[in-house]
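Dropping a structure here in structure tokens format, bear with me for questions.
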Amino acid sequence: NPNWKENKIVKYRQGSQWYNKKVLKRDNFECQICVLEGNVVKENLRVHHMIPYKTNPHHQIENLITVCQDCHNFIHKNDLVLSKDFWSDN
């Protein structure tokens, strides 16, 4: 399975594998929200569009961030949009 990486399943949107691999590597295969809270989560990772895909249906590395499934669910459940400025300052 091409989505299997070191015992972790990573979900990919069609056509985005190259971008997702670059973002996961850039983010050290860690949830970037959990890292800010002092936790390291390296399983059940997703690559999330900070500006929603429905608004900006393009894969741009600077608009993508690695998050765990729990954070990803929280973002979508609460309809949150992550700020690019926040992530680029940290």
**Request:** For the pair Glu30 (side chain) and Val35 (backbone), establish whether a donor and an acceptor sit closer than 3.5 Å, ignoring hydrogens and angles.
**Result:** no

**Message:** Restricting to non-hydrogen atoms, name the atom on Ile61 and the atom on Arg26 that form the minimum distance, rounded to 0.1 Å.
**Reply:** O-NH1, 3.0 Å

**Prompt:** How far does CE of Met50 sit from CD of Glu62, to the nearest 0.5 angstrom?
**Reply:** 8.0 Å

**Message:** For a 4.5 angstrom cut-off between non-hydrogen side-chain atoms, does Glu43 reach Leu45?
**Reply:** no

**Spatial distance of atom CG (Asn63) from atom OH (Tyr19) [nearest 0.5 Å]** = 11.5 Å

**Under 3.5 Å donor-acceptor, Lys77 side chain and His72 backbone** = no

**Request:** For residues His49 and Leu64, determine if any side-chain heavy atom of one lies less than 4.5 Å from a side-chain heavy atom of the other.
**Result:** yes

**Pairwise distance CG(Leu82) to CD1(Ile33) - rounded to 0.5 angstrom** = 5.0 Å

**Request:** May I have the step-by-step check of side-chain contact (heavy atoms from CB on, under 4.5 Å) for Lys42 and Asn28, ending in yes or no?
**Result:** CA-CA 9 Å; Lys42 291 183 171 256; Asn28 198 30; 3.9 Å; yes

**Approximate separation, where rounding is to 0.5 Å, of Cys31 SG and Glu37 CD** = 8.0 Å

**Prompt:** Mind checking whether His48 and His76 have side chains closer than 4.5 Å, heavy atoms only?
**Reply:** yes

**Prompt:** Sub-3.5 Å donor-acceptor pair from the side chain of Arg46 to the main-chain atoms of Ile65, do we have one?
**Reply:** no

**Item:** Same apolar cluster: Leu36 and Val41, side chain cutoff 4.5 Å
**Value:** no

**Prompt:** Does Asn44 reach the main-chain N or O of Gln69 with its side chain, forming a donor-acceptor pair under 3.5 Å?
**Reply:** no

